[in-house]
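Basis for what follows: all heavy atoms, side chains included, without hydrogens, waters or symmetry-related copies.
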Amino acid sequence: MIKSNPEWELIVLEPDKNTQKSLQPFLTRRRDLGIRPDLKYQVLTHPFRDPAVLHECHAFPRASLRCAARALALFDHEGSKREQAARTGIEAAVQARLDANG
C-alpha cells in the first residue's frame, strides 16, 4: 500500500478510546522506540468498535487510506464477533481488504 508523496505516513484505525489510550505511549515516545520522531500519522476511532474495524477497515475512511503510505487496523479478537476464527485467517482477510482498497 505504498503511495508516492503521501499526506500521512501512517493511518491508525482503532475501535475505541481504550485502545487509543494504549496506543498513545507508542506514538508519543517514538524516538525511544526507534521510530522516526517526525512520523506523520493520524489516529481515527471507528464509532462501531471492534467488529466494524474488522469488517470495514478498508472503507473507513477510504479517503484517508488513499493518502497514506501505511494503514494499521487495531481491534480486539474478543469482541470482534469472530472469536472462533484463527488469528491468522482474520489477519489475512483484513490485509486482503486493505490491499484491494488502498
Least distance between heavy atoms, Phe75 atom then Pro15 atom: CA-CG, 4.0 Å
Does Val53 belong to the same Ile/Leu/Val/Met/Phe/Trp/Tyr cluster as Leu98, with side-chain heavy atoms less than 4.5 Å apart forming each link? yes
Give the cluster check for Leu44 versus Leu72: same hydrophobic cluster or not, with ILVMFWY residues linked at side-chain heavy-atom distances below 4.5 Å. no
Show the atom names and distances, to 0.1 Å, of all donor-acceptor pairs under 3.5 Å that link a side chain in residues 81-88 to residues at least two apart or in another chain.
from  : atom 1 : to    : atom 2 : distance (Å)
Glu83 : OE2    : Gly79 : N      : 2.6
Arg87 : NH1    : Glu91 : OE1    : 2.6

Supply the atom-to-atom distance Thr19 OG1 to Gln24 CD, rounded to the nearest 0.5 angstrom. 12.5 Å
When you group the ILVMFWY residues by side-chain heavy-atom contacts below 4.5 Å and let the links chain together, are Leu74 and Val94 in the same group? no
Any idea which heavy atoms bring Ala73 and Cys57 closest together, and the distance? CB-CB, 3.9 Å
By side chain to side chain contact (heavy atoms under 4.5 Å, CB included), Lys17 pairs with (sequence neighbours left out) Gln20, Thr45
Counting distance only, does the side-chain N/O of Arg97 pair as donor-acceptor with the main-chain N or O of Leu54 below 3.5 Å? yes
With sequence neighbours excluded, tell me which residues meet salt bridge (charged side-chain N to carboxylate O under 4.0 Å, His left out) with Asp16. Arg49
Ignoring hydrogens, what is the shortest heavy-atom contact between Trp8 and Tyr41? Give both atom names and the distance. CZ3-O, 3.0 Å
Atom pair CG/CZ of Leu10 and Arg70 - distance to nearest 0.5 Å: 9.5 Å
Listing, residues 30-39 side-chain donor-acceptor contacts under 3.5 Å, not counting sequence neighbours, or none:
from  : atom 1 : to    : atom 2 : distance (Å)
Arg30 : NE     : Arg36 : O      : 3.4
Arg30 : NE     : Pro37 : O      : 3.4
Arg30 : NH1    : Leu27 : O      : 2.5
Arg30 : NH2    : Pro37 : O      : 2.7
Asp32 : OD2    : Arg29 : NE     : 3.1
Asp32 : OD2    : Arg29 : NH2    : 3.3
Arg36 : NE     : Asp38 : OD1    : 2.9
Arg36 : NH1    : Glu9  : OE1    : 3.1
Arg36 : NH2    : Glu9  : OE1    : 2.6
Arg36 : NH2    : Glu9  : OE2    : 2.9

Side chain to side chain contact (heavy atoms under 4.5 Å, CB included) against Phe48, all qualifying residues, sequence neighbours excluded: His46, Ala52
Rounding to 0.5 Å, atoms CD1 (Ile90) and NE2 (His77) come to a distance of 3.5 Å
Of all residues at least two apart in sequence or in a different chain, which pass the side chain to side chain contact (heavy atoms under 4.5 Å, CB included) check with Gln95? Asp99
Nearest-0.5 Å distance that lies between atom OG in Ser22 and atom CG in Asn18: 7.0 Å
